[in-house]
Amino acid sequence: MPSLETQKSPMAPSHIRQYQDSDYKRVLDLFISGMEEHIPATFRHLLTLPRTLLLLLGVPLAVVLVSGSWLLAAISILFLLLFVQLIARHPWKEYVAKCLHTDMIDITKSYMNARGSFWVAESGGEVVGIVGCLPVKDPPLGRKQMELFHLSVSSQYRGQGIAKALVRTVLQFARGQGYSDVVLGTSVLQRSAMALYLSMGFRRTDRYFLSIYWRLVDNPTFQLKYSLPSA
């Protein structure tokens with residue numbers, strides 16, 4: 001078991017401990033809110049795509065040419081923006097729904113009893129951060145890899161080093177278990193997470209699209225790897 005890290009903050013000291021079943025509701029809240037906060041960034045990203053701009057300009061223009069009504073054109077723009085917002089929400093909502101029926105339905109079974117682990121950061125008796133990890137089933141030949149999942153910190157507690165402490169806990173655990181690498185996937189739109197991992201020594205090793213949808217909206221996922229020193 002990794003050593004616990006204490007993070008001093010102006011609000012309250014925080015510490016990292018292993019997940020307990022009594023944490024379940026708060027952990028789910030942090031997981032869901034952490035995913036859904038990417039919806040506005042996805043919406044803004046969609047609005048910058050040439051195909052979206054073409055749609056927002058082309059449809060109202062076609063409405064004016066056909067009906068001669070600028071009012072209908074304005075209404076069509078409103079509906080198009082609502083449609084784009086719906087598209088921005090869909091993949092994050094879908095991912096949350098998938099996790100709630102797979103690994104997040106029983107965290108103890110999915111992580112603690114599967115040669116992985118799950119931790120929470122606690123401050124003032126409240127769970128304010130989460131992270132989990134599991135062994136990679138088919139790692140590259142000669143490597144033993146652990147994958148990091150679901151890093152999330154409450155928005156009120158960011159900027160205090162809690163996310164870094166959670167990542168370090170995973171690295172310590174993996175090294176103690178004899179793993180050679182810690183890997184993870186994060187998308188281009190998760191900018192703060194990407195910056196955090198790179199600042200801690202993770203390196204990009206692959207770039208891919210999780211689905212046709214993400215390819216269409218130009219949001220690739222980067223595979224990141226942290227090579228651990230020998231224990």
Side-chain angles (χ1 to χ4, degrees), residues 1-7 14-21 23-24 27-28 30-31 34-35 95-96 98-122 127-153 158 160-188 190-210 220-231:
M1 179 177 175
S3 61
L4 300 182
E5 297 191 39
T6 300
Q7 226 29 67
S14 64
H15 69 279
I16 296 171
R17 60 170 174 79
Q18 287 194 315
Y19 167 83
Q20 301 169 4
D21 288 338
D23 301 321
Y24 186 69
V27 166
L28 284 193
L30 279 173
F31 165 64
M35 290 296 99
Y95 177 71
V96 166
K98 176 185 174 182
C99 290
L100 293 181
H101 287 86
T102 52
D103 64 309
M104 297 298 280
I105 194 171
D106 187 335
I107 293 171
T108 297
K109 180 180 178 181
S110 299
Y111 289 89
M112 320 296 280
N113 298 341
R115 296 186 295 119
S117 194
F118 202 98
W119 297 270
V120 300
E122 189 176 55
V127 173
V128 299
I130 60 172
V131 74
C133 65
L134 284 171
V136 174
K137 292 182 179 179
D138 297 304
L141 187 64
R143 309 300 292 180
K144 185 180 179 184
Q145 296 184 329
M146 183 73 76
E147 186 166 2
L148 183 151
F149 291 98
H150 305 322
L151 176 66
S152 184
V153 175
R158 291 175 188 169
Q160 302 177 36
I162 294 175
K164 281 189 175 181
L166 287 164
V167 174
R168 289 192 193 106
T169 300
V170 174
L171 298 178
Q172 292 167 3
F173 175 79
R175 184 181 181 187
Q177 296 293 314
Y179 285 83
S180 55
D181 310 301
V182 172
V183 299
L184 61 93
T186 191
S187 76
V188 167
Q190 294 168 284
R191 294 182 179 88
S192 59
M194 179 74 77
L196 170 70
Y197 295 131
L198 294 178
S199 73
M200 295 186 70
F202 283 81
R203 295 291 179 266
R204 297 185 184 97
T205 58
D206 196 9
R207 179 181 184 274
Y208 56 91
F209 292 95
L210 287 174
T221 292
F222 283 96
Q223 183 81 14
L224 304 181
K225 181 176 76 173
Y226 185 100
S227 296
L228 294 161
S230 301

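What you see is a predicted model; the values in this text were computed from it and never measured.
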Quiz item: Looking only at heavy atoms, which two atoms of Leu148 and Leu151 are closest? And how far apart?
Solution: CD2-CB, 4.1 Å
Quiz prompt | Side-chain heavy-atom pair Ser110, Phe118 within 4.5 angstrom cut-off | solution = no
Practice problem: State, yes or no, whether a side-chain contact exists between Leu171 and Phe202 at a heavy-atom distance under 4.5 Å. | Solution: yes
Exercise. Can you measure from CE (Met194) to CG (Leu184) and round to the nearest 0.5 angstrom?
Key: 8.5 Å
Quiz item: So Val167 and Val131, side-chain contact (heavy atoms from CB on, under 4.5 Å) or not? Walk me through it.
Solution: CA-CA 8 Å; Val167 174; Val131 74; 5.7 Å; no
Practice problem: Please answer whether the main-chain N or O of Met104 pairs with a side-chain N or O of Tyr111 as donor and acceptor at a distance below 3.5 Å. | Solution: no
Exercise. Apply salt bridge (charged side-chain N to carboxylate O under 4.0 Å, His left out) to Asp103 and list each qualifying residue two or more places apart in sequence or on a separate chain.
Key: none
Quiz item: Of all heavy-atom pairs between Phe173 and Cys133, which one has the smallest distance, and what is that distance?
Solution: CD2-SG, 3.7 Å
Quiz item: Under 4.5 Å between any side-chain heavy atoms of Pro135 and Gln177, yes or no?
Solution: no
Exercise. Check for a donor-acceptor pair, side chain of Lys225 on one end and backbone N or O of Gln145 on the other, with a separation under 3.5 Å.
Key: no
Quiz item: Once you round to the nearest 0.5 Å, how far does CZ of Phe31 lie from OH of Tyr95?
Solution: 5.0 Å
Quiz item: Does the side-chain contact (heavy atoms from CB on, under 4.5 Å) test come out yes or no for Thr108 and Tyr24, once each step is laid out?
Solution: CA-CA 10 Å; Thr108 297; Tyr24 186 69; over 6 Å; no
Quiz prompt | Gap between atom CZ of Phe149 and atom CD1 of Ile130 - 0.5 Å precision | solution = 13.0 Å
Practice problem: Just grab all the side chain to side chain donor-acceptor pair (under 3.5 Å) pairs involving residues 193-209, residues at least two apart or on different chains. | Solution: Tyr208-Gln223
Practice problem: Indicate the atoms forming the closest heavy-atom contact of Ser152 with Gly34, along with that distance. | Solution: OG-CA, 3.8 Å
Quiz prompt | Any side-chain heavy-atom pair of Asp106 and Met112 under 4.5 Å | solution = no
Practice problem: Mind running side-chain contact (heavy atoms from CB on, under 4.5 Å) on Ser192 and Arg158 for me, showing each step along the way? | Solution: CA-CA 11 Å; Ser192 59; Arg158 291 175 188 169; over 6 Å; no
Self-check item: Closest contact, heavy atoms only, Ala174 versus Val182
Solution: CB-CG2, 3.6 Å
Practice problem: Taking all heavy atoms of Leu198 and all of Leu224, pick out the closest pair and write down the distance. | Solution: CD2-CD2, 4.5 Å
Exercise. Please report the C-alpha distance between Leu228 and Ser180 in whole Å, then the side-chain angles of each, then the deciding distance to 0.1 Å, and finally whether the side-chain contact (heavy atoms from CB on, under 4.5 Å) criterion is met.
Key: CA-CA 5 Å; Leu228 294 161; Ser180 55; 6.0 Å; no
Exercise. Supply the atom-to-atom distance Leu166 CG to Arg168 CZ, rounded to the nearest 0.5 angstrom.
Key: 10.5 Å
Practice problem: Would you give the length of the straight line joining atom CG of Leu28 to atom CG of Asp23, rounded to the nearest 0.5 angstrom? | Solution: 10.5 Å
Quiz item: Who passes side-chain hydrogen bond (donor to acceptor under 3.5 Å, both in side chains) against Ser117, sequence neighbours left out?
Solution: Gln18
Practice problem: Would you confirm whether Ser14, through its side chain, and Ala121, through its main-chain N or O, come within 3.5 Å as a donor-acceptor pair? | Solution: no
Exercise. Check whether the side chains of Gln172 and Thr169 place a donor and an acceptor atom closer than 3.5 Å, and report yes or no.
Key: no
Quiz item: Which distance, rounded to the nearest 0.5 Å, do you find between the CE of Met200 and the NZ of Lys164?
Solution: 6.5 Å
